[in-house]
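The block underneath contains the structure these notes are about, expressed in structure tokens.
Everything numeric here is computed off the predicted structure, so don't read it as measured data. As a basis for the values below, the full set of heavy atoms in this structure was taken, side chains included, without hydrogen atoms, waters or symmetry mates.
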Amino acid sequence: MTSEPVADPIALTQALIRCPSVTPADAGALDVLIQALEPLGFVCHRLRFEAEGTPPIDNLYARLGTAGPNLCFAGHTDVVPPGDLAAWTANPFAGTIADGKLYGRGASDMKAAIAAFVAAIGKRLAAKGAPAGSISLLITGDEEGPSINGTRKVLDWLVKQGEVMDACIVGEPTNPHYLGEMIKVGRRGSITGHLTVHGTQGHVAYPHLADNPLPRLIRMLAALTAEPLDQGNAHFQPSTLAITTIDVGNPASNVIPAKGSASFNIRFNDEHTSEALKEWIRRTCDSVGGPYDVTFHVAGESFLTPPGHLSGLVADAIQRVTGHRPELSTTGGTSDARFIKNHCPVVEFGIVGQTMHKVDEHVSVRDVERLTDIYVAIIDGFFAADNVTHESVSGKA
Ligand SMILES: [Zn+2]
């Protein structure tokens with residue numbers, strides 16, 4: 001028997017919640033983690049990144065062991081703002097427990113999962129000793145913010161250090177209603193377009209002297225939304241295009257405006273790439289004609305870790321602890337898995353997400369304990385198996 005300290009996942013979640021780490025503030029959250037990880041034998045690298053026009057962000061890469069394979073747990077300690085404090089039943093940064101629920105900003109998204117993973121490592125070490133390989137944590141303070149000085153830069157740093165991850169579990173809250181309901185094995189991509197159609201301003205009574213851009217804008221938007229982008233496939237729901245705003249800002253009823261603009265967002269599956277969508281959007285607007293310009297912001301490409309060894313061992317661990325066989329899903333918003341998938345197979349599994357980003361965010365204390373047991377089973381399953389490194393990642397990044 002060994003005498004490694006075993007962290008209590010509930011107390012550790014509370015300690016993390018008591019750090020008001022609203023992006024970009026760290027507020028001591030990484031120190032709490034380092035203090036839990038170093039006694040377990042982890043070598044901790046605190047990584048501060050900054051870029052022009054963005055606040056500096058603290059991140060953490062911690063590794064136990066030097067051999068491969070390296071199982072990485074990824075997550076974020078930053079949280080969204082609590083909003084109206086008066087709307088909360090208790091202080092969002094107190095970590096209050098009432099009726100079996102642990103309250104606080106970040107409880108669900110995603111401090112409880114980080115605490116559960118650290119506690120799981122302690123349990124594993126106490127029960128079976130160090131695994132034949134390495135366990136690591138990649139924790140960022142910039143997931144809820146612009147995600148510029150976070151996971152992406154940590155991954156670049158890892159490559160420079162020659163660090164290799166063989167599989168990654170991202171602890172985002174993936175379960176809609178109950179623990180064990182859902183694993184994420186991929187995500188849709190996201191592209192936002194800002195379209196401006198140009199014309200010539202003039203008097204509404206003399207339209208031949210003006211060129212109204214608005215009928216063209218309407219026709220372009222109609223053409224973009226006329227047909228479904230696809231029908232979805234075995235792993236993805238159909239892609240969607242949502243017009244988010246149409247702006248002319250014309251206060252006069254007797255003036256034809258010089259321009260009109262609109263924005264839209266496409267959540268796309270792995271039948272598209274952002275580049276192909278940009279081309280399709282330009283072609284569609286060209287078919288209407290007239291002067292316009294369009295700019296794009298791509299938040300991420302779609303990706304899929306094909307259901308296989310990694311998702312199988314995670315699903316097995318979940319079923320053993322909860323009795324539920326989880327759905328393998330690609331629904332929902334983006335996460336830092338979109339960066340990690342370029343480095344190794346990645347699946348996401350965390351706590352129940354029902355209250356994330358909401359007032360009175362909370363998790364079930366029992367769920368945090370069961371999530372800890374699931375992570376122990378994942379660690380045991382990973383290091384009992386072989387060939388994890390042979391799994392491939394597909395995607396059109
Ligand atoms: Zn999150």
Side-chain angles (χ1 to χ4, degrees), residues 9 68-76 108-110 112-121 123-124 127-128 131-139 165-187 234-236 303-332 335-341 343-353 363 367-395:
N70 177 14
L71 173 65
C72 183
F73 174 89
H76 61 90
S108 167
D109 186 8
M110 53 166 280
I114 295 173
F117 195 80
V118 174
I121 297 163
K123 272 189 154 183
R124 151 78 198 208
K128 299 187 179 173
S134 299
I135 303 176
S136 56
L137 280 89
L138 191 174
I139 305 294
M165 300 182 298
D166 294 285
C168 185
I169 309 292
V170 174
E172 289 289 345
T174 50
N175 302 282
H177 306 98
Y178 60 87
L179 189 71
E181 186 178 4
M182 189 180 282
I183 302 175
K184 299 281 173 80
V185 293
R187 293 279 186 160
H235 298 296
F236 283 94
F303 71 94
L304 176 72
T305 295
H309 190 85
L310 182 61
S311 56
L313 85 83
V314 172
D316 288 347
I318 292 165
Q319 189 163 19
R320 204 169 317 141
V321 174
T322 68
H324 302 297
R325 192 74 190 172
E327 179 189 342
L328 308 185
S329 170
T330 56
T331 57
S335 80
D336 278 355
R338 70 189 192 271
F339 306 128
I340 298 166
K341 57 97 178 167
H343 297 254
C344 67
V346 53
V347 303
E348 301 177 60
F349 183 73
I351 204 107
V352 175
V363 290
D367 279 357
V368 179
E369 286 161 352
R370 290 195 304 163
L371 181 60
T372 304
D373 291 337
I374 292 169
Y375 285 151
V376 172
I378 291 172
I379 294 169
D380 287 347
F382 181 85
F383 290 105
D386 40 35
N387 287 336
V388 243
T389 55
H390 293 163
E391 195 165 341
S392 65
V393 185
S394 92

> Do you know which two heavy atoms are closest between Ile378 and Leu313, and how far apart they sit?
Replying inline: O-CD1, 3.5 Å

> Charged N to carboxylate O under 4.0 angstrom, Arg370 versus Asp373?
Replying inline: no

> Can Leu328 and Val347 be said to form a side-chain contact (heavy atoms from CB on, under 4.5 Å), step by step?
Replying inline: CA-CA 9 Å; Leu328 308 185; Val347 303; over 6 Å; no

>> What's the separation between atom CG in Leu137 and atom SG in Cys72, rounded to the nearest 0.5 Å?
In response: 6.5 Å

> Can you name the closest pair of heavy atoms from His76 and Ile114 and give their distance?
Replying inline: O-CD1, 3.4 Å

>> If I take atom CG from residue Asp367 and atom CD1 from residue Ile374, how far apart are they, to the nearest 0.5 angstrom?
In response: 8.5 Å

> Nearest 0.5 Å, what's the OG1-CZ distance between Thr331 and Arg187?
Replying inline: 7.5 Å

>> Would Glu327 and Ile183 count as a side-chain contact (heavy atoms from CB on, under 4.5 Å) here? Give the steps.
In response: CA-CA 6 Å; Glu327 179 189 342; Ile183 302 175; over 6 Å; no

> Excluding sequence neighbours, so at least two apart, what forms side chain to side chain donor-acceptor pair (under 3.5 Å) with Asp336?
Replying inline: Thr151

>> My understanding is that only residues two or more places apart in sequence, or in another chain, count here; which of them pass ring-ring contact (aromatic ring centres under 6.0 Å, His included) with Phe117?
In response: Phe73, Tyr375

> Which atom names give the shortest non-hydrogen contact between Leu310 and Pro345, and what distance separates them?
Replying inline: CD2-O, 3.7 Å

> By salt bridge (charged side-chain N to carboxylate O under 4.0 Å, His left out), which residues pair with Arg325, not counting sequence neighbours?
Replying inline: Asp316

>> Please find the pair of heavy atoms, one from His235 and one from Pro307, that lie closest to each other, and give the distance.
In response: CE1-CG, 3.4 Å

> Looking at side-chain heavy atoms only, is the closest gap between Glu181 and Thr174 below 4.5 Å?
Replying inline: no

>> So, using side chain to side chain donor-acceptor pair (under 3.5 Å) as the criterion, who are the partners of Ser136 when residues are at least two apart?
In response: Asn70

> Under 4.5 Å between any side-chain heavy atoms of Leu71 and Met165, yes or no?
Replying inline: no

> What closest approach, in Å, do Ala377 and Arg320 show between heavy atoms, and which atom pair accounts for it?
Replying inline: CB-NH1, 3.9 Å

>> The criterion is salt bridge (charged side-chain N to carboxylate O under 4.0 Å, His left out); which residues satisfy it with Glu172, sequence neighbours excluded?
In response: none

> Below 4.5 Å, heavy atoms only, C-beta onward: do Val352 and Val363 meet side chain to side chain?
Replying inline: no

> Any side-chain heavy atom of Asp166 sitting closer than 4.5 Å to one from Cys344?
Replying inline: no

> What residues, two or more places apart in sequence or in another chain, satisfy side chain to side chain donor-acceptor pair (under 3.5 Å) together with Ser335?
Replying inline: Glu348

> Does the side chain of Thr330 come within less than 4.5 Å of Lys184's, by heavy atoms?
Replying inline: no

> Which residues satisfy the side chain to side chain donor-acceptor pair (under 3.5 Å) test with Arg338, sequence neighbours excluded?
Replying inline: none

> Out of curiosity, Cys168 SG to Lys341 NZ, how far, rounded to the nearest 0.5 Å?
Replying inline: 13.5 Å

>> Would you say that Phe349 contacts Leu179 through its side chain, given a criterion of any heavy-atom pair below 4.5 Å between the two side chains?
In response: yes

> Hey, are the side chains of Tyr178 and Thr322 touching, using non-hydrogen atoms and a 4.5 Å cut-off?
Replying inline: no

> What pairs with Pro131 under side chain to side chain contact (heavy atoms under 4.5 Å, CB included), at least two apart in sequence or on another chain?
Replying inline: Arg124, Leu125, Ile135, Phe383

> Where do Gly180 and His324 come nearest, in terms of heavy atoms and distance?
Replying inline: O-CB, 3.6 Å

>> Using the salt bridge (charged side-chain N to carboxylate O under 4.0 Å, His left out) criterion, which residues pair with Asp109? Sequence neighbours excluded.
In response: none

> Quick one: does Ile351's side chain get under 4.5 Å of Asn175's, heavy atoms only?
Replying inline: no

>> Walk me through whether Phe236 and Leu304 qualify under side-chain contact (heavy atoms from CB on, under 4.5 Å).
In response: CA-CA 9 Å; Phe236 283 94; Leu304 176 72; 4.0 Å; yes

